[in-house]
Amino acid sequence: MTDYDFVIVGAGIAGVSLAFELAPSGRVAVFEAEDRPGMHATGRSAALFAPSYGGREFRAITRASRAFFDTPPTGFTDHPLLNPRGCLYIARADQLASLKHMRDSIVASGGSVSEVSAQEAVAMVPKLRDGYTVAAVFDEDATDIDVEAVLQGFLRAARARGATLSPRRRFLRAARESELWHIELEGERVRAPILINAAGAWADEVARSCQAPLMGFTPLRRTALLIDRPEGVDITRWPAVIDVDEQFYFKPDAGKLLLSPADETPDSPRDAFPEDLDVAIAVDRVQAALDIEIDRVSHSWAGLRTFSPDRAPVIGYDAAMPGFFWCAGQGGYGIQTAPAMARLAAALVRREPLPTDVAAEGLSAADISPERFAAG
């Protein structure tokens with residue numbers, strides 16, 4: 001049986017980035033059930049970094065992550081992780097109250113967006129249907145993000161710091177004995193004083209196998225698809241476009257147009273697949289907003305975005321289970337928040353205060369603590 005200081009269950013972006021931050025503090029092992037890291041939610045991201053996107057907690061952690069993406073550590077990547085894109089939130093006449101609420105909440109949480117007229121929105125996206133958009137706001141800080149480069153950068157850097165990654169090691173169960181977690185995996189048994197649950201959609205299943213309290217996570221399926229760009233139209237400089245009520249979004253992606261109905265269908269922890277109805281809904285909603293005809297879908301896929309009951313991340317020790325640390329509930333924001341999320345999680349694992357730059361964005365440990373559910 002091998003001993004570690006920290007065992008992390010799950011090699012998505014949350015587990016891998018946390019391994020990178022914790023490795024200087026002790027022996028770190030990351031165990032992953034699949035053949036490769038990032039197979040599920042991480043590998044199916046829409047690849048957008050948007051400080052205005054998500055709830056207050058996610059916005060704060062995203063802003064605190066920007067400096068890392070702009071200037072990653074030496075050797076982390078050989079090309080930029082972010083590329084300019086911008087994000088345009090559009091509203092119909094019946095959505096103006098939603099647009100005002102969204103703009104006000106972004107500003108109140110420390111973010112920044114600018115108001116855009118219908119004419120300016122059409123100038124940014126010339127294929128918007130006449131009269132569909134009556135107002136919009138624009139996040140000029142939103143960018144495309146190279147998800148694979150981010151994941152591989154954290155993997156290389158974590159290994160360089162001494163962390164180990166073991167794929168094809170499905171978590172089976174764990175028990176606490178003599179201040180150590182005795183952890184059984186497929187083909188291996190290990191021990192550690194601290195067990196970190198970064199299992200994404202499977203986080204509650206891992207907790208159940210440890211006889212720890214459940215958080216009530218809900219995996220929500222989201223569908224995405226690619227279509228050819230409209231003939232004769234240069235979409236290269238189009239921003240990402242999101243319906244203010246998040247009924248759909250679209251963005252340029254590798255010469256094609258990525259669409260989503262922004263669905264949130266409750267699902268079970270599994271390898272998610274797109275449903276034909278959700279693909280059809282995406283096409284219908286985007287065609288209502290854009291003056292284009294979509295007659296062929298090049299590719300479609302689905303992923304699970306896993307949320308806690310209040311839709312904020314759950315980062316911290318479980319008060320009822322010594323040495324059991326939660327790092328879950330990143331929803332669809334795990335990539336854009338990864339650097340600061342990993343730093344704040346590592347600080348809490350070591351029982352240190354939040355990093356000062358994260359706290360300066362208005363986030364507290366109580367905002368993300370699992371104890372907020374126990375108290376409720």
Side-chain angles (χ1 to χ4, degrees), residues 6-23 28-51 53-54 57-59 61-69 72-73 76-77 81-82 143-161 163-167 196-203 206 217 219-220 222 224 269 271-272 301 303-308 312-315 325-346 348-349 358 368:
F6 311 100
V7 164
I8 300 173
V9 179
I13 192 65
V16 169
S17 58
L18 182 52
F20 164 75
E21 290 293 344
L22 278 179
V28 177
V30 185
F31 294 100
E32 168 58 45
E34 305 295 350
D35 292 340
R36 55 182 171 82
M39 177 176 165
H40 293 289
T42 298
R44 306 176 195 195
S45 165
L48 182 68
F49 175 92
Y53 194 46
E57 297 84 2
F58 287 116
R59 291 170 186 163
I61 303 169
T62 300
R63 293 194 299 269
S65 295
R66 182 63 187 254
F68 182 100
F69 287 129
F76 190 90
T77 179
L81 297 173
L82 304 181
T143 68
D144 288 338
I145 185 167
D146 189 331
V147 174
E148 184 64 13
V150 173
L151 178 64
Q152 294 303 322
F154 275 122
L155 279 168
R156 284 192 302 270
R159 286 170 171 147
R161 290 180 168 185
T164 62
L165 168 67
S166 298
I196 298 170
N197 183 359
W202 288 263
V206 167
F217 288 113
L220 302 176
R222 174 151 294 185
D271 188 8
W301 65 96
L304 298 178
R305 305 163 75 243
T306 302
F307 288 93
S308 70
V314 181
I315 315 291
F325 189 92
W326 292 90
C327 184
Q330 288 85 357
Y333 313 100
I335 306 297
Q336 69 178 37
T337 60
M341 188 81 78
R343 285 192 295 113
L344 73 86
L348 294 175
V349 168
V358 178
I368 54 178

For [X] against [Y], the heavy-atom pair lying closest together:
X	Y	value
Arg59	Pro51	CG-O, 3.3 Å
Thr306	Ala201	OG1-CA, 3.2 Å
Pro167	Asp35	CB-O, 3.5 Å
Ala199	Val206	CB-CG2, 3.7 Å
Ile196	Cys327	CG2-CB, 4.2 Å
Leu151	Pro37	CD2-O, 3.9 Å

Could you check if a side-chain atom of [X] sits within less than 4.5 angstrom of a side-chain atom of [Y], using non-hydrogen atoms only?
X	Y	result
Phe49	Asp144	no
Gln152	Thr77	no
Val314	Ile368	no

Task: Phe325 and Asn197: CA distance, side-chain angles, deciding distance, side-chain contact (heavy atoms from CB on, under 4.5 Å) verdict - done: CA-CA 6 Å; Phe325 189 92; Asn197 183 359; over 6 Å; no
Donor-acceptor under 3.5 Å ([X] side chain, [Y] main chain):
X	Y	result
Ser45	Ala47	yes
Ser65	Ala340	yes
Asp146	Leu81	no
Arg44	Trp301	no
Glu32	Ala11	yes
Arg161	Phe20	yes

- [ ] Check ring-ring contact (aromatic ring centres under 6.0 Å, His included) between Phe58 and all other residues, then give those that pass, not counting sequence neighbours.
- [x] Tyr333
Spacing of [atom1] belonging to [X] relative to [atom2] belonging to [Y], to within rounding of 0.5 Å:
X	Y	atom1	atom2	answer
Arg63	Gln336	CZ	CD	11.0 Å
His40	Leu304	NE2	CG	8.5 Å
Phe76	Leu155	CZ	CG	9.0 Å
Ile315	Leu18	CD1	CG	8.5 Å
Tyr53	Thr62	OH	OG1	11.0 Å
Glu34	Arg36	CD	CZ	8.5 Å

- [ ] Tell me, with the steps shown, if Val28 and Thr164 meet side-chain contact (heavy atoms from CB on, under 4.5 Å).
- [x] CA-CA 6 Å; Val28 177; Thr164 62; over 6 Å; no
Open item on the list: With side-chain contact (heavy atoms from CB on, under 4.5 Å) as the criterion, how do Val9 and Phe31 come out once you've worked through the C-alpha distance, each side chain's angles and the decisive distance to 0.1 Å?
Closed with: CA-CA 5 Å; Val9 179; Phe31 294 100; 5.6 Å; no
Open item on the list: Aromatic contact between Phe68 and Phe154, with the criterion being ring centroids under 6.0 Å apart: yes or no?
Closed with: yes
Open item on the list: Please confirm whether the ring centroid of Phe217 lies under 6.0 Å from the ring centroid of Trp326.
Closed with: yes
Open item on the list: Test side-chain contact (heavy atoms from CB on, under 4.5 Å) on Ile13 and Thr337; report intermediate values, then the result.
Closed with: CA-CA 10 Å; Ile13 192 65; Thr337 60; over 6 Å; no
